[in-house]
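Here's the structure we're looking at; comments come further down.
Only a predicted model underlies this, so the values are computations on that prediction, with no experimental measurement involved. Within every chain, numbering begins at 1; the chains are lettered A, B, ... in the order of the sequence lines, protein sequences first and strands thereafter. Worth knowing before you read on, the calculation uses all heavy atoms, side chains too, and leaves out hydrogens, waters and symmetry mates.
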2 protein chains.
Amino acid sequence: MAKKIKTKLDKEVDWRSVCPVSSALDILGDKWSLLIIRDLLTKGPQTYSDFLQSGEHISTNILADRLHLLTCLNLIEKSDAEGIARNNAYKLTKSGESLKPTLIELAKWSQDNLKFYNPDIVEIV
Amino acid sequence: MAKKIKTKLDKEVDWRSVCPVSSALDILGDKWSLLIIRDLLTKGPQTYSDFLQSGEHISTNILADRLHLLTCLNLIEKSDAEGIARNNAYKLTKSGESLKPTLIELAKWSQDNLKFYNPDIVEIV
DNA sequence: CCGCATCCGTTACGATACTG
DNA sequence: CAGTATCGTAACGGATGCGG
């Protein structure tokens with residue numbers, strides 16, 4: 001039986017199937033979660049407001065929700081777990097860190113296949 | 001200047017930034033698009049109803065919308081472009097096929113990191 | 001101030017019925 | 001069989017409030 005994981009506002013993670021791709025998309029299949037991981041991978045630990053200042057402009061409620069879910073799933077954690085929230089940066093866990101090869105492959109694909117549509121794509125961010 | 005691509009119902013693809021990860025998520029960052037690619041990679045050409053019968057149960061309007069967008073972006077195409085729609089299977093283009101390493105990395109990550117939450121995850125589908 | 005939570009209008013999704 | 005139309009629901013996105 002799959003364990004129940006809930007998002008901030010009581011939304012349960014629904015595992016649609018036993019397929020690993022489908023299961024990954026059940027938690028990362030949106031426009032923001034992997035950008036949070038990307039920021040942490042490329043820039044190191046980030047505070048709440050660091051994320052807000054990232055180029056794609058995530059809104060505050062979505063950010064709080066995703067940080068909560070990624071924390072529940074043990075992909076990220078606070079640098080100082082016992083410290084106050086203020087200026088307490090998030091960092092990747094081993095599990096989150098291990099998404100790096102996936103993101104590298106995705107970025108490579110994007111550079112090779114989307115430049116026709118979005119010519120300004122850069123080499124790496 | 002980025003080229004304008006529209007989804008079935010006039011929704012424009014919005015390139016949030018020049019980051020390759022972000023750009024990939026602008027088109028693949030949802031719960032269904034990569035499952036369509038997965039089905040084509042693992043099972044070969046698929047008809048409209050083949051997709052509907054896949055384990056995660058996509059609904060018809062979402063499927064039609066995603067097939068349209070992926071076709072516009074040249075990730076998939078009809079097997080018989082000039083043929084009638086009926087029984088005309090979709091297949092991957094070179095561009096779609098080259099998402100294979102990304103999906104393999106994602107599946108590996110899922111098997112290694114999500115089994116605690118969704119223990120029924122299988123080796124590969 | 002910073003890290004969220006709440007409110008609310010808009011958009012996307014999802015189930016189902018329906019059409020060529 | 002391959003989609004389209006409709007419509008209720010859920011998620012998003014921006015503005016704003018508030019506590020530590």
Legend entry - Contact state string [nucleotides 14-20 of chain D, B base, S sugar-phosphate only, - no protein heavy atom under 4.0 Å]: BBB---B

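- One atom, CG of A:N88, and another, P of C:dC2, lie 15 Å apart when rounded to the nearest Å.
- Inspection of the A:T102 and B:W109 side chains reveals no N or O donor paired with an N or O acceptor under 3.5 Å.
- In terms of the side-chain hydrogen bond (donor to acceptor under 3.5 Å, both in side chains) criterion, A:N88 has no residue partners (sequence neighbours excluded).
- When the side chain to side chain contact (heavy atoms under 4.5 Å, CB included) test is applied to B:Q53, the partners found at least two apart in sequence or on another chain are B:S49.
- We find that CD1 of B:I27 is positioned 16 Å from P of C:dA12, with the value rounded to whole Å.
- Side-chain proximity of A:S49 to C:dG14, C:dA5, C:dG3: nearest is C:dG3.
- With sequence neighbours excluded, the residues forming a side-chain hydrogen bond (donor to acceptor under 3.5 Å, both in side chains) with A:K108 are A:E105, listed by chain and number.
- Candidate nucleotides C:dG14, D:dC12, D:dG3 were compared by shortest atom distance to the side chain of B:W32, and C:dG14 ranks first.
- At the phosphate of D:dG3, OP1 or OP2 sits under 4.0 Å from a side-chain N or O atom of B:K78.
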Side-chain donor-acceptor pairs of residues 74-86 of chain A under 3.5 Å, sequence neighbours excluded:
residue : atom : partner : partner atom : Å
A:S79   : OG   : A:A89   : O            : 3.0
A:D80   : OD1  : A:E82   : N            : 3.4
A:D80   : OD1  : A:G83   : N            : 3.2

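- Here A:S17 pairs with A:S22, B:E56 under the side-chain hydrogen bond (donor to acceptor under 3.5 Å, both in side chains) rule; sequence neighbours left out.
- Atom P of nucleotide D:dG3 and atom CZ of B:R66 are separated by 15 Å, given to the nearest angstrom.
- Here C:dT16 presents its P atom at 16 Å from CG of B:L63, a figure rounded to the nearest Å.
- For B:K100, the side-chain hydrogen bond (donor to acceptor under 3.5 Å, both in side chains) test picks out no residue, with sequence neighbours left out.
- The C1' atoms of five pairs define one axis at each end of the helix from C:dC1-D:dG20 to C:dG20-D:dC1, and these two axes lie 30° apart (to 10°).
- Taking atom CD1 of residue B:I62 and atom C1' of nucleotide D:dG8, one finds them 14 Å apart after rounding to whole Å.
- The interatomic distance linking A:D65 (CG) with D:dC12 (C1') rounds to 10 Å, in whole Å.
- Checked against C:dG3, C:dG14, D:dA2, the side chain of A:Y48 finds its nearest nucleotide in C:dG3.
- In this model, a donor atom of one side chain and an acceptor atom of the other lie less than 3.5 Å apart for A:D50 and A:T47.
- We find that NZ of A:K31 is positioned 10 Å from P of C:dA12, with the value rounded to whole Å.
- Of the candidates C:dC2, C:dC4, D:dA2, the closest approach to any side-chain atom of B:T47 belongs to D:dA2.
- The NE2 atom of B:H68 sits 18 Å away from the C1' atom of C:dC13 (whole-angstrom rounding).
- Residue-level contact check: B:Y90 touches the backbone only, with heavy atoms under 4.0 Å from sugar-phosphate atoms and none from bases.
- Scored by the side chain to side chain contact (heavy atoms under 4.5 Å, CB included) test, A:N61 finds A:S59 as partners (sequence neighbours excluded).
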